[in-house]
Amino acid sequence: MIKLSNALTGACGLYYSAAELTRLGYTTALTIRNAKGIDILASTLDGKRSIQIQVKTSNCNPKYKFILNKDAEILKAEDLFYIFVHLNGLSTTPDKPTTRPDYYIVPSEIVANHVRTSHEEWLIKPGRKGQAHKDTPMRTFIDRECEYLEKWELLEQ
């Protein structure tokens, strides 16, 4: 297995997500890298439904935990979704194919509420040595129960 830089990990997740959306019948367009909060614009083939996608990718364990920043607390819209991609190992040899990533599809409102609430709880909870946590812009989205694993149908609502 190879270890990718953060930039390449993110690029893998972006392209894997666009490919999967295309396989599911969406036309996709990748945004320029500085488009705030939107990585992919997707539309049904008939053009009747358009959605925006924010992609976050991880190749670390646990596979249901993803790192975001504090912007995720306010980044929400009815047609905005997160696709959290967990890379399940990338092979460097053709005789060992790369395993398909896991995809977690989550509406942005759920992500915003989750990261805000979990961060507030973390701030209140004492640290390992009983000290107060210092605020940080880092946030996490955790789906331990895999409630959103492969929930592509959420994009159709």
Return the minimal non-hydrogen interatomic distance between [X] and [Y], and the atom names on each side.
{"X": "Lys76", "Y": "Ala112", "result": "CD-CB, 3.9 Å"}
{"X": "Thr28", "Y": "Ala42", "result": "CG2-CB, 4.2 Å"}
{"X": "Pro107", "Y": "Phe81", "result": "CA-CD2, 3.7 Å"}

Salt bridge [X]-[Y], side-chain N to carboxylate O under 4.0 Å:
{"X": "Arg116", "Y": "Glu121", "answer": "no"}
{"X": "Glu156", "Y": "Arg49", "answer": "no"}
{"X": "Glu73", "Y": "Lys70", "answer": "no"}

hydrophobic_cluster_shared for [Y] and [X], side chain cutoff 4.5 Å:
{"X": "Trp152", "Y": "Tyr16", "value": "yes"}
{"X": "Leu24", "Y": "Val55", "value": "yes"}
{"X": "Tyr104", "Y": "Ile142", "value": "yes"}
{"X": "Leu68", "Y": "Ile74", "value": "no"}
{"X": "Val115", "Y": "Leu154", "value": "yes"}

Going from [atom1] on [X] to [atom2] on [Y], what distance comes out if it is rounded to the nearest 0.5 angstrom?
{"X": "Thr99", "Y": "His86", "atom1": "OG1", "atom2": "NE2", "result": "11.0 Å"}
{"X": "Cys146", "Y": "Lys151", "atom1": "SG", "atom2": "NZ", "result": "10.5 Å"}
{"X": "Leu123", "Y": "His119", "atom1": "CG", "atom2": "NE2", "result": "4.0 Å"}
{"X": "Leu14", "Y": "Thr57", "atom1": "CG", "atom2": "OG1", "result": "7.5 Å"}
{"X": "Tyr82", "Y": "Leu75", "atom1": "OH", "atom2": "CG", "result": "4.0 Å"}
{"X": "Ile105", "Y": "Ile110", "atom1": "CD1", "atom2": "CD1", "result": "12.0 Å"}

query: Going by distance alone, is a donor N or O of one side chain under 3.5 Å from an acceptor N or O of the other, for Trp122 and Glu120?
result: no
- prompt: Side-chain donor-acceptor pair under 3.5 Å between His133 and Asp135, yes or no?
  reply: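 Absent: no donor and acceptor within the cut-off.
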field: Worked verdict on Tyr15 versus Leu30 for side-chain contact (heavy atoms from CB on, under 4.5 Å)
entry: CA-CA 9 Å; Tyr15 287 108; Leu30 305 181; 3.2 Å; yes
Say whether, by atom type as modelled, one donor and one acceptor occur between the side chain of [X] and the main chain of [Y] under 3.5 angstrom.
{"X": "Thr140", "Y": "Phe66", "result": "no"}
{"X": "Asp143", "Y": "Tyr64", "result": "no"}
{"X": "Ser108", "Y": "Leu80", "result": "yes"}

task: Take atom CD of Glu145 as the centre, draw a 6.0 Å sphere, and report whether it contains more than 12 heavy atoms from other residues, nucleotides or ligands.
output: no
query: Within a radius of less than 6.0 Å around CD of Glu78, do more than 12 heavy atoms belonging to other residues, nucleotides or ligands occur?
result: no
task: List in chain and number order the residues that pass salt bridge (Lys or Arg N to Asp or Glu O under 4.0 Å) with Asp79, two or more places apart in sequence or in another chain; answer none if no residue qualifies.
output: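 Salt bridge (Lys or Arg N to Asp or Glu O under 4.0 Å) list for Asp79, sorted by chain: empty.
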- request: Please check if the distance between the ring centroids of Phe141 and Phe84 is under 6.0 Å.
  value: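 Ring centroids of Phe141 and Phe84 are less than 6.0 Å from each other.
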- request: Kindly indicate, with the supporting measurements, whether the criterion side-chain contact (heavy atoms from CB on, under 4.5 Å) is fulfilled by Val85 and Ser17.
  value: CA-CA 8 Å; Val85 182; Ser17 296; 3.3 Å; yes
Could you tell me whether the side chain of [Y] reaches within less than 4.5 Å of the side chain of [X], counting heavy atoms only?
{"X": "Glu20", "Y": "Tyr103", "value": "yes"}
{"X": "Ile40", "Y": "Gln52", "value": "no"}
{"X": "Ile53", "Y": "Ile38", "value": "no"}

CA sep, side-chain torsions, deciding dist, call: Asn88, Arg100, side-chain contact (heavy atoms from CB on, under 4.5 Å): CA-CA 7 Å; Asn88 287 313; Arg100 182 181 179 275; over 6 Å; no
- request: Could you give me the CA-CA distance, side-chain angles and deciding distance for Leu21 and Thr27, then say whether side-chain contact (heavy atoms from CB on, under 4.5 Å) is met?
  value: CA-CA 8 Å; Leu21 286 162; Thr27 300; over 6 Å; no
